[in-house]
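None of the values given here were measured: they were computed from a predicted structure. All heavy atoms count here, side chains included; hydrogens, waters and symmetry mates do not. Atoms within each ligand, like the ligands themselves, are counted from 1 in listed order.
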Amino acid sequence: MKIAIMGAMPEEIEPLLSYMKDIKSFEVANNRYYEAKYKGLEVVIAYSKIGKVFASLTASVMIQHFKAQKLLFSGVAGAINDELKIGDLIAATKLCQHDLDITAFGHPYGFVPEGKVFIQSDAELLFLAKEVAKEKNILLKEGVIATGDQFIANLERKEWIKKTFGADALEMEGAAVAVVCDAFDVPFFILRAISDAADMDAGFDFDKFLESSSKISADFIISMLDKMV
Ligand code: ADE
(Lines give C-alpha, C1' and ligand atoms only; values in the text may rest on other atoms or scores of the structure.)
Protein backbone atom coordinates (compact mmCIF):
# COMPACT_ATOMS: atom_id res chain seq x y z
CA MET A 1 0.00 0.00 0.00
CA LYS A 2 1.55 3.28 -1.09
CA ILE A 3 0.17 6.49 0.40
CA ALA A 4 0.58 9.90 -1.18
CA ILE A 5 0.79 12.90 1.12
CA MET A 6 0.73 16.29 -0.49
CA GLY A 7 0.76 19.94 0.46
CA ALA A 8 0.80 23.06 -1.67
CA MET A 9 3.80 24.85 -0.14
CA PRO A 10 7.19 23.77 1.27
CA GLU A 11 6.06 24.79 4.78
CA GLU A 12 3.18 22.32 4.55
CA ILE A 13 5.33 19.24 3.83
CA GLU A 14 8.55 20.02 5.75
CA PRO A 15 7.10 18.84 9.11
CA LEU A 16 6.03 15.57 7.42
CA LEU A 17 9.47 14.89 5.96
CA SER A 18 11.04 15.22 9.39
CA TYR A 19 9.24 11.98 10.44
CA MET A 20 10.35 9.95 7.40
CA LYS A 21 13.15 7.41 6.89
CA ASP A 22 14.98 6.22 3.74
CA ILE A 23 14.01 9.36 1.80
CA LYS A 24 14.70 9.21 -1.92
CA SER A 25 14.09 12.25 -4.07
CA PHE A 26 12.87 12.27 -7.70
CA GLU A 27 12.03 14.97 -10.20
CA VAL A 28 8.96 14.46 -12.39
CA ALA A 29 7.34 17.11 -14.60
CA ASN A 30 9.28 19.97 -12.99
CA ASN A 31 8.44 19.01 -9.44
CA ARG A 32 10.22 17.16 -6.62
CA TYR A 33 8.75 14.00 -5.09
CA TYR A 34 10.05 12.21 -2.00
CA GLU A 35 9.57 8.48 -1.67
CA ALA A 36 10.09 7.38 1.92
CA LYS A 37 9.20 4.86 4.59
CA TYR A 38 7.20 5.53 7.73
CA LYS A 39 7.06 2.58 10.15
CA GLY A 40 6.91 0.16 7.22
CA LEU A 41 4.39 2.19 5.20
CA GLU A 42 5.50 3.33 1.76
CA VAL A 43 4.77 7.00 1.19
CA VAL A 44 5.32 9.58 -1.52
CA ILE A 45 5.38 13.20 -0.44
CA ALA A 46 5.40 16.42 -2.47
CA TYR A 47 4.23 20.00 -2.47
CA SER A 48 2.47 20.99 -5.66
CA LYS A 49 2.91 24.77 -5.64
CA ILE A 50 -0.14 26.95 -5.08
CA GLY A 51 -3.40 26.63 -7.00
CA LYS A 52 -5.70 24.16 -8.73
CA VAL A 53 -3.62 23.50 -11.84
CA PHE A 54 -0.41 22.60 -9.99
CA ALA A 55 -2.41 20.59 -7.44
CA SER A 56 -4.06 18.55 -10.22
CA LEU A 57 -0.70 17.88 -11.84
CA THR A 58 0.87 16.69 -8.59
CA ALA A 59 -2.06 14.49 -7.61
CA SER A 60 -2.03 12.92 -11.09
CA VAL A 61 1.71 12.24 -10.94
CA MET A 62 1.38 10.70 -7.49
CA ILE A 63 -1.31 8.34 -8.74
CA GLN A 64 -0.13 7.56 -12.27
CA HIS A 65 3.66 7.68 -11.91
CA PHE A 66 4.18 6.78 -8.23
CA LYS A 67 1.17 4.41 -8.05
CA ALA A 68 -0.27 5.90 -4.86
CA GLN A 69 -3.38 4.04 -3.69
CA LYS A 70 -4.61 6.64 -1.19
CA LEU A 71 -3.99 10.39 -1.05
CA LEU A 72 -3.86 12.59 2.04
CA PHE A 73 -3.57 16.38 1.78
CA SER A 74 -2.12 18.44 4.61
CA GLY A 75 -2.09 22.22 4.78
CA VAL A 76 -3.70 25.45 5.87
CA ALA A 77 -7.01 27.18 5.08
CA GLY A 78 -8.94 30.36 5.63
CA ALA A 79 -11.90 30.00 8.00
CA ILE A 80 -15.44 30.78 6.87
CA ASN A 81 -17.33 29.18 9.76
CA ASP A 82 -17.01 31.45 12.81
CA GLU A 83 -16.46 28.42 15.04
CA LEU A 84 -13.10 27.82 13.34
CA LYS A 85 -10.22 29.66 14.99
CA ILE A 86 -6.55 29.86 14.01
CA GLY A 87 -4.89 26.45 14.50
CA ASP A 88 -8.21 24.52 14.45
CA LEU A 89 -8.40 21.45 12.22
CA ILE A 90 -11.04 20.85 9.56
CA ALA A 91 -11.43 17.69 7.48
CA ALA A 92 -13.37 18.09 4.24
CA THR A 93 -16.55 16.04 3.95
CA LYS A 94 -16.92 17.36 0.41
CA LEU A 95 -15.23 19.96 -1.76
CA CYS A 96 -16.24 22.39 -4.50
CA GLN A 97 -14.64 24.95 -6.83
CA HIS A 98 -15.96 28.39 -5.87
CA ASP A 99 -14.39 30.11 -8.90
CA LEU A 100 -15.85 27.80 -11.57
CA ASP A 101 -18.53 29.84 -13.31
CA ILE A 102 -20.47 29.06 -16.47
CA THR A 103 -23.70 30.41 -14.99
CA ALA A 104 -24.13 32.35 -18.27
CA PHE A 105 -25.34 29.01 -19.72
CA GLY A 106 -27.79 28.32 -16.93
CA HIS A 107 -25.55 26.04 -14.87
CA PRO A 108 -25.11 26.46 -11.11
CA TYR A 109 -21.89 27.92 -9.71
CA GLY A 110 -19.15 25.30 -9.44
CA PHE A 111 -20.59 23.06 -12.15
CA VAL A 112 -19.50 22.10 -15.65
CA PRO A 113 -21.26 19.48 -17.79
CA GLU A 114 -20.18 15.94 -16.88
CA GLY A 115 -18.68 17.22 -13.63
CA LYS A 116 -20.29 17.74 -10.23
CA VAL A 117 -20.50 20.69 -7.85
CA PHE A 118 -19.37 18.67 -4.80
CA ILE A 119 -16.91 15.77 -4.59
CA GLN A 120 -17.32 13.59 -1.48
CA SER A 121 -14.29 12.60 0.59
CA ASP A 122 -13.61 8.94 1.33
CA ALA A 123 -15.79 7.77 4.24
CA GLU A 124 -13.20 5.30 5.60
CA LEU A 125 -10.44 7.92 5.81
CA LEU A 126 -12.85 10.35 7.47
CA PHE A 127 -13.79 7.64 9.99
CA LEU A 128 -10.11 6.94 10.67
CA ALA A 129 -9.49 10.66 11.25
CA LYS A 130 -12.39 10.84 13.72
CA GLU A 131 -10.99 7.85 15.60
CA VAL A 132 -7.58 9.55 15.81
CA ALA A 133 -9.18 12.78 17.04
CA LYS A 134 -11.16 10.89 19.68
CA GLU A 135 -8.17 8.89 20.92
CA LYS A 136 -5.90 11.92 21.07
CA ASN A 137 -8.58 14.27 22.36
CA ILE A 138 -8.04 16.64 19.42
CA LEU A 139 -10.88 18.84 18.17
CA LEU A 140 -11.49 17.95 14.51
CA LYS A 141 -14.25 19.75 12.69
CA GLU A 142 -15.77 18.28 9.54
CA GLY A 143 -17.22 20.46 6.83
CA VAL A 144 -17.37 21.75 3.30
CA ILE A 145 -14.17 23.14 1.81
CA ALA A 146 -14.35 25.54 -1.13
CA THR A 147 -11.36 25.84 -3.46
CA GLY A 148 -10.42 28.54 -5.95
CA ASP A 149 -7.45 30.18 -7.60
CA GLN A 150 -7.80 33.24 -5.39
CA PHE A 151 -6.37 34.18 -2.01
CA ILE A 152 -9.46 35.48 -0.23
CA ALA A 153 -8.95 38.52 2.00
CA ASN A 154 -12.36 40.03 1.51
CA LEU A 155 -15.50 39.71 3.66
CA GLU A 156 -17.91 40.09 0.75
CA ARG A 157 -16.32 37.30 -1.27
CA LYS A 158 -16.08 35.12 1.84
CA GLU A 159 -19.81 35.62 2.58
CA TRP A 160 -20.67 34.83 -1.04
CA ILE A 161 -18.75 31.53 -0.88
CA LYS A 162 -20.46 30.69 2.41
CA LYS A 163 -23.92 31.45 1.05
CA THR A 164 -23.43 29.82 -2.37
CA PHE A 165 -21.76 26.56 -1.30
CA GLY A 166 -22.42 26.30 2.46
CA ALA A 167 -18.63 26.22 2.89
CA ASP A 168 -16.85 26.17 6.26
CA ALA A 169 -13.32 26.88 5.01
CA LEU A 170 -11.57 27.87 1.82
CA GLU A 171 -8.23 27.22 0.20
CA MET A 172 -6.65 26.88 -3.23
CA GLU A 173 -6.04 23.17 -3.98
CA GLY A 174 -8.39 20.72 -2.25
CA ALA A 175 -11.16 20.42 -4.84
CA ALA A 176 -8.61 20.01 -7.64
CA VAL A 177 -7.08 17.05 -5.78
CA ALA A 178 -10.59 15.71 -5.16
CA VAL A 179 -11.48 15.85 -8.87
CA VAL A 180 -8.31 13.94 -9.80
CA CYS A 181 -8.74 11.29 -7.07
CA ASP A 182 -12.41 10.86 -7.90
CA ALA A 183 -11.56 10.32 -11.58
CA PHE A 184 -8.90 7.70 -10.73
CA ASP A 185 -11.04 6.15 -7.99
CA VAL A 186 -8.35 6.80 -5.37
CA PRO A 187 -9.63 7.41 -1.82
CA PHE A 188 -8.62 10.87 -0.58
CA PHE A 189 -8.66 12.93 2.58
CA ILE A 190 -8.18 16.72 2.75
CA LEU A 191 -7.08 18.15 6.10
CA ARG A 192 -6.49 21.82 6.84
CA ALA A 193 -5.51 23.80 9.91
CA ILE A 194 -6.80 27.36 9.96
CA SER A 195 -4.23 30.09 9.24
CA ASP A 196 -6.57 33.09 8.85
CA ALA A 197 -10.21 34.13 8.57
CA ALA A 198 -10.19 35.16 4.87
CA ASP A 199 -10.85 38.74 6.05
CA MET A 200 -8.88 41.95 5.62
CA ASP A 201 -6.18 40.66 8.01
CA ALA A 202 -5.83 37.39 6.08
CA GLY A 203 -2.55 38.22 4.33
CA PHE A 204 -0.88 39.18 7.59
CA ASP A 205 -2.33 36.21 9.54
CA PHE A 206 -1.44 33.75 6.80
CA ASP A 207 2.23 34.76 6.96
CA LYS A 208 2.17 34.70 10.75
CA PHE A 209 0.48 31.31 11.19
CA LEU A 210 1.49 29.35 8.05
CA GLU A 211 4.27 27.48 9.81
CA SER A 212 2.50 26.71 13.10
CA SER A 213 -0.80 25.68 11.46
CA SER A 214 1.05 23.55 8.87
CA LYS A 215 2.70 21.68 11.72
CA ILE A 216 -0.65 21.08 13.46
CA SER A 217 -2.05 19.59 10.25
CA ALA A 218 1.08 17.52 9.53
CA ASP A 219 1.16 16.09 13.06
CA PHE A 220 -2.44 14.95 12.71
CA ILE A 221 -1.63 13.26 9.37
CA ILE A 222 1.27 11.44 11.08
CA SER A 223 -1.16 10.20 13.75
CA MET A 224 -3.38 8.88 10.95
CA LEU A 225 -0.39 7.03 9.46
CA ASP A 226 0.31 5.58 12.93
CA LYS A 227 -3.19 4.14 12.89
CA MET A 228 -2.75 2.71 9.37
CA VAL A 229 0.51 0.89 10.23
N1 ADE B 1 -5.35 29.35 2.36
C2 ADE B 1 -5.22 29.82 3.61
N3 ADE B 1 -5.87 30.98 3.76
C4 ADE B 1 -6.43 31.25 2.56
C5 ADE B 1 -7.23 32.31 2.08
N6 ADE B 1 -7.57 33.33 2.84
N7 ADE B 1 -7.63 32.26 0.77
C8 ADE B 1 -7.27 31.22 -0.01
N9 ADE B 1 -6.51 30.21 0.40
C10 ADE B 1 -6.10 30.21 1.68
Side-chain angles (χ1 to χ4, degrees), residues 5-16 45-59 71-101 109-110 117-119 121 139-180 188-221:
I5 315 174
M6 70 178 273
M9 300 173 71
E11 291 84 350
E12 291 173 325
I13 68 155
E14 269 152 19
L16 293 163
I45 299 176
Y47 73 88
S48 56
K49 301 185 277 292
I50 294 166
K52 294 194 295 180
V53 174
F54 283 132
S56 307
L57 176 60
T58 296
L71 192 152
L72 313 176
F73 191 105
S74 180
V76 300
I80 296 179
N81 187 324
D82 292 335
E83 285 172 23
L84 286 168
K85 305 296 177 204
I86 284 165
D88 286 355
L89 285 166
I90 174 163
T93 51
K94 57 183 185 174
L95 300 104
C96 60
Q97 298 180 64
H98 67 71
D99 59 348
L100 188 54
D101 179 357
Y109 285 107
V117 177
F118 292 103
I119 312 248
S121 301
L139 191 70
L140 174 68
K141 198 168 165 57
E142 288 176 87
V144 177
I145 293 186
T147 302
D149 284 327
Q150 300 161 350
F151 184 85
I152 308 293
N154 175 313
L155 282 181
E156 242 175 79
R157 180 72 188 164
K158 169 177 158 172
E159 280 309 309
W160 182 86
I161 294 168
K162 180 180 185 172
K163 174 181 91 197
T164 308
F165 299 100
D168 297 289
L170 54 85
E171 35 83 309
M172 302 179 70
E173 297 82 20
V177 171
V179 168
V180 170
F188 70 91
F189 177 77
I190 311 284
L191 181 71
R192 299 280 184 168
I194 299 302
S195 56
D196 59 83
D199 55 10
M200 66 185 201
D201 297 325
F204 177 84
D205 287 343
F206 180 89
D207 281 342
K208 188 168 169 198
F209 296 109
L210 169 63
E211 212 177 299
S212 56
S213 291
S214 292
K215 171 99 175 98
I216 291 168
S217 177
D219 284 347
F220 192 91
I221 292 285

> Considering residues at least two apart in sequence or located in another chain, which fulfil the side chain to side chain donor-acceptor pair (under 3.5 Å) criterion with Asp196?
Replying inline: none
>> As a test of reading the model: which residues have a non-hydrogen atom less than 4.0 Å away from ligand 1?
In response: Val76, Ala77, Gly78, Gln150, Phe151, Ile152, Leu170, Glu171, Met172, Ser195, Asp196, Ala198, Phe206
>> The criterion is side chain to side chain contact (heavy atoms under 4.5 Å, CB included); which residues satisfy it with Glu142, sequence neighbours excluded?
In response: Thr93, Leu126, Lys130
>> Holding to side chain to side chain contact (heavy atoms under 4.5 Å, CB included), I want the full list of residues that pass it with Phe54, two or more places apart in sequence or in another chain.
In response: Ser48, Lys49
Separation between [atom1] of [X] and [atom2] of [Y], rounded to the nearest 0.5 Å:
X	Y	atom1	atom2	result
Phe209	Glu11	CZ	CD	15.0 Å
Lys85	Ile194	NZ	CD1	10.5 Å
Leu191	Ile221	CG	CD1	5.0 Å

